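Here the structure is a predicted model, which means the values were calculated and not measured.
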2 protein chains.
Amino acid sequence: MTASELPPLPRLPSREEARGRRPARKRALSREAIAAAALAIVDREGLDALTMRTVARYMGTGAASLYAHVASKDELLELVIEQVIGEIELPGEPDPERWQEQLKELARTIRTVFSRHRDLARASFARIPLGENGLRGTDWMIAVMRAGGLPDQVIAYACDLFPLYVTAVCYEESLYGAETSTEDIAQFFDGMRHYFASLPPDRFPNVVSLAGPLTAGDFEGDDRFEFGLDVLLRGVAAMANQAR
Amino acid sequence: MTASELPPLPRLPSREEARGRRPARKRALSREAIAAAALAIVDREGLDALTMRTVARYMGTGAASLYAHVASKDELLELVIEQVIGEIELPGEPDPERWQEQLKELARTIRTVFSRHRDLARASFARIPLGENGLRGTDWMIAVMRAGGLPDQVIAYACDLFPLYVTAVCYEESLYGAETSTEDIAQFFDGMRHYFASLPPDRFPNVVSLAGPLTAGDFEGDDRFEFGLDVLLRGVAAMANQAR
DNA sequence: ACCTGAACACCGTTCAAGT
DNA sequence: ACCTGAACACCGTTCAAGT
């Protein structure tokens, strides 16, 4: 679990860089404890409740004490996300016969894992996972797509595109928070259908006539999510024998 | 531009609903002025600088005064986003011969428009555009895909999927903020390639060997973005003659 | 009816002072 | 060397009091 063997992470230059700020010495144990506390708070009360102060209170200290082990709230989030990515179990050995299905399996697992942690996906989105666990996943994806016989550049771009899609969906879905009941969501979709259906047909003829399908896909099921996976895999598969 | 002719928007129930809060009477002119000020601040200093206080200062009042015209900061953001969506010019009449290219054109335009407004995409992501301008775009997309002969449910899901992809990319790209120079980005990608290349090959063999392609796609050009568009369109096109 | 100063209940982060 | 109380410079939103 230690990142000590990995080379230092590449970063965009930050403003503080100039005035020679040294990263504080940190004890591995405490970093993990802080990350665990942070995740517990997210799981219990959601991302908005995650505050340097709430984490500190959870651990019986003041917020300032955390900065001895963690450089910023952003670094703390990175820690929490890396840990959650670690929960993702990869499907089995890459199988040339089933590479598409295996990629879908991974996507479904990622979605499941994030759904266990409230709206953490919101913080995870748009972060390149360069830690151990993220790399493990990327390495596996490459292996699977190589088994599928895809060209290198297609594989490389797809390694961005798949997680982008999955985490974007997770982000969206996390907005129907834990406090929003299934009925509330159903009613919201119902309301949206009625809204679309009652729009002026001269101005939005297609939206009006497609009100039903636009608001279909029960959010209990996975129709929308599976549709996106299908599209991505068919699209990528179509690039199997092609220079790009 | 007025939404007065549209039916009321469907919403998820909010906590305040219970205690019977009335939406304040608002003067259309001031709402627009506030939205214009907000957009000006975003354009000049970025989304983080957009604050009820900065908007108020910009207009020569206190923050509290804004609440006579706008229910919350979130509503203000919605206003700003609707206005920016209005900047998106739709490609011409749907053409059955060119429907795929036309959809790509729209995607490129959306990306261009958002790139004009700093990191506003961050706020726009995961919002369903139910206003005039968003509906206009959705109606057009449906028309184009109908010209392409796609099944209704495929069209409906694709109306979610395309904007999801485009805004997700915009979100990501907005993280390389205006203050990050092209060289900084190039160096970051360089650093990432070296990072991948210097990982332990026994643990991450595929990442190591694919370090080049993984970090390819100059961010000046649009390779990555175009790859995603290609995948989406090939995938959706593959569903043309299929029950779903 | 509209506007607003002041306040409330928060933030992330810093830093001098303690142990 | 590590920890922390207090402070700094902010937030979104409310509300009593003004006009």
Task: From CG (B:Asn133) to CZ (B:Arg136), nearest 0.5 Å - done: 5.0 Å
Task: Between C:dT13 (P) and B:Asp48 (CG): distance, integer Å - done: 12 Å
Task: Atom-pair distance (CE on A:Met52; C1' on D:dC10), nearest Å - done: 17 Å
TODO: For D:dA17 versus C:dA1, give the span between their C1' atoms, rounded off to a whole number of Å.
DONE: 15 Å
Give each protein N/O atom lying under 3.5 Å from an N/O atom of nucleotides 4-9 of chain D, with the pair distance.
unit_1 : atom_1 : unit_2  : atom_2 : d
D:dT4  : OP2    : A:Ser65 : OG     : 2.8

- [ ] Check the distance between C:dC11's C1' and A:Leu76's CG and give it to me in whole angstrom.
- [x] 15 Å
- [ ] Looking only at side-chain atoms of A:Thr51, point me to the closest of C:dT13, D:dC11, C:dC11.
- [x] C:dC11
Task: Contact under 4.0 Å: A:His69 side-chain N or O vs D:dC2 OP1/OP2 - done: no
Task: Whole-angstrom distance between C:dA9 and D:dA9, as gauged at atom P - done: 23 Å
Open item on the list: Using 0.5 Å steps for rounding, measure from the CD atom of B:Glu82 to the CD atom of B:Glu132.
Closed with: 7.0 Å
TODO: Determine, for A:Arg108 against A:Asp222, whether the closest basic-nitrogen to carboxylate-oxygen distance falls under 4.0 angstrom.
DONE: no
Open item on the list: Can you tell me how far apart OH (B:Tyr165) and CZ (B:Phe225) are? Round to the nearest 0.5 Å.
Closed with: 5.5 Å
- [ ] Run the salt-bridge test on B:Asp43 and B:Arg118 with the 4.0 Å N-O cut-off and return the result as yes or no.
- [x] no
Task: All salt bridge (Lys or Arg N to Asp or Glu O under 4.0 Å) counterparts of A:Arg122, not counting sequence neighbours - done: A:Asp48, A:Asp119
TODO: Mind calculating the distance between CZ (B:Arg57) and P (D:dC10) to the nearest angstrom?
DONE: 8 Å
Task: Base-pair map of DNA chain C as dot-bracket, where | denotes pairing with a different strand and pairs are Watson-Crick or G-U under 3.5 Å - done: ||.|||||...|||||.||
- [ ] Write down the distance between OH (B:Tyr67) and P (D:dA16), rounded to a whole number of angstrom.
- [x] 17 Å
Task: Check against salt bridge (Lys or Arg N to Asp or Glu O under 4.0 Å), A:Glu172 and A:Arg224 - done: CA-CA 12 Å; A:Glu172 283 201 322; A:Arg224 270 167 201 277; over 6 Å; no
Open item on the list: Using only atom types and a distance under 3.5 Å, with no angle test, would you say the side chain of B:Thr54 pairs donor to acceptor with the backbone of B:Ala49?
Closed with: yes
Open item on the list: Just the rounded figure in Å: distance from P of C:dG12 to CD of A:Glu75.
Closed with: 15 Å
TODO: Send over the distance from B:Lys73 NZ to D:dG12 P, rounded to a whole Å.
DONE: 4 Å
Open item on the list: As an exercise, state the distance from CZ of A:Phe125 to CG of B:Leu175, rounded to the nearest 0.5 Å.
Closed with: 8.5 Å
